[in-house]
Protein chains: 2
Amino acid sequence: MIERRKQSGSGLHDPILEKLGMEIAAGDLPAGHVLTLDGIQERFGVSRTVAREAMRILESMGLVQSRRRVGITVRPIADWNVFDPKVIWWRLSGPARAAQLRTLTELRIAVEPLAAGAAARAATAAQRSHVVEVAATLRRLGEAGELTEFMERDVEFHAILLQASGNEMFGALADVVAAVLRGRTQLGLMPHKPVPQALDLHEAVAAAVAGGRSAEAETAMRALLVEVRAAMLPG
Amino acid sequence: MIERRKQSGSGLHDPILEKLGMEIAAGDLPAGHVLTLDGIQERFGVSRTVAREAMRILESMGLVQSRRRVGITVRPIADWNVFDPKVIWWRLSGPARAAQLRTLTELRIAVEPLAAGAAARAATAAQRSHVVEVAATLRRLGEAGELTEFMERDVEFHAILLQASGNEMFGALADVVAAVLRGRTQLGLMPHKPVPQALDLHEAVAAAVAGGRSAEAETAMRALLVEVRAAMLPG
DNA sequence: GGGTCCAAATGGTGTTACCTTTCCGTTGAT
DNA sequence: ATCAACGGAAAGGTAACACCATTTGGACCC
């Protein structure tokens, strides 16, 4: 269900897209900086066609703008498609990682409670039992201190609810949430052992969703996420 | 501040991207359908290069997947980047319009209250006074029954708050919200005259943001949006 | 000195031709 | 019926070219 990245291409343009995307997201190529196709060709040792394809993709993400006679201009962040999974990934991989985690966490606090509420209304029978099962597993793993496995099940927990919400835009955030959860541990922003309260809340959300109690699912999820944010704040 | 679409390209690939994107978003080209570059070349009378660029962009949006020997396969909606402004636009332009409006409205209910709360904390002095001013204008226009101008100011109102939130992901939704607001009137989902309660709530949000009262801004915005949704529901 | 206009340099845009690589589907042998 | 070999279809990639928009800079004239 939760797939690792790299669905993407094996093509020649992919590595260069990745490199340039990272450099722009990292600010190494600041807004206003100008690239040329010739420069890209030479730097990566590829043909014009390939360079152009990479550029077009960056352009469709709003990271650059191509103008005749001028070249390929890096655009300011306000113009980026900051919801594009690749852009999110690039920003998470660079120096803006902490800032991106913050904005994503805010987004989670906004969306996930509503998604949980919607899931309580719209989930299939299979999804309801699944989420209860995963919550139980989380308690077991959490109490046993199995952190990495805990995280993977946690990713699954949130993905189920986002996808069960019946709103494909919420569902599309599942991969992003997965990236946040995984990235958080790498940054050392997780407690070394999940707090009991978090385990209670996971179970409360699951039970509310399974029982179709929408408002309850929403509040429980909100409480869960607020705690998540509190744990991330310095101190 | 709020710009009309068509920032994009004047290139040859743009029209064909637009056409194919629409057809896929509309379901005319269902998941699993296979295109070929030759087919695209012939249909649009363009060279291979141009066809490939359009295809690459669609691929980066997750709408299609290109495989050797097979062709260009349309992917299921679960794989789309449903937050891409172009994808949103295409879905709003086709038969899925009502569904897209529903999911976007859910997203607004999730995000905008939090954004208003954040704006109350983070907005600049200029933004605070601006939002109050726009709210006052909204009351005047609403009471005068100037619907189209009302809508444009309403777009501005929401854009200010999303951008003042200090979260660039929220800010990026400003254009989407604009599309929703404009699209809603075209669908006849707006009351012919804004209800007084909505005018009160706009002013309440603005006052709370200007005064830095975060929680109050959040609740007022939530109330406003819940009313918006209620007005959209059939009946 | 400063404004107008023309010309050259620059760099993306689009086309064509050609070769390479992958891998689906068929075919044929076991 | 199973599986391996093969032909060919379609994308992947390269190269060379003509074209065109735009900028830059200089000539020219007030």
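So that the names make sense, note that chain A is the first sequence line, chain B the second, and so on, each numbered from 1.
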* Show your working on salt bridge (Lys or Arg N to Asp or Glu O under 4.0 Å) between B:Arg182 and B:Glu152 and close with a plain yes or no. => CA-CA 8 Å; B:Arg182 297 204 179 98; B:Glu152 289 305 324; 3.1 Å; yes
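- Remark: A:Glu59 engages A:Arg56 in a salt bridge, criterion side-chain N to carboxylate O under 4.0 Å.
- Looking at every heavy atom in both residues, B:His158 comes nearest to B:Leu181 through CD2-CD1, 4.0 Å.
- Side chain of B:Asn167 to backbone of A:Thr103: a donor-acceptor contact under 3.5 angstrom is found.
- Remark: the backbone N or O of A:Gln41 is not paired with any side-chain donor or acceptor of A:Arg48 at under 3.5 angstrom.
- The CD atom of A:Gln41 sits 13 Å away from the P atom of C:dG11 (whole-angstrom rounding).
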* Could you encode protein contacts along nucleotides 8-17 of chain D as a string, one character per nucleotide from 5' to 3', using B for base contact, S for sugar-phosphate-only contact and - for no contact, with a heavy-atom cut-off of under 4.0 Å? => BBBBSBB---
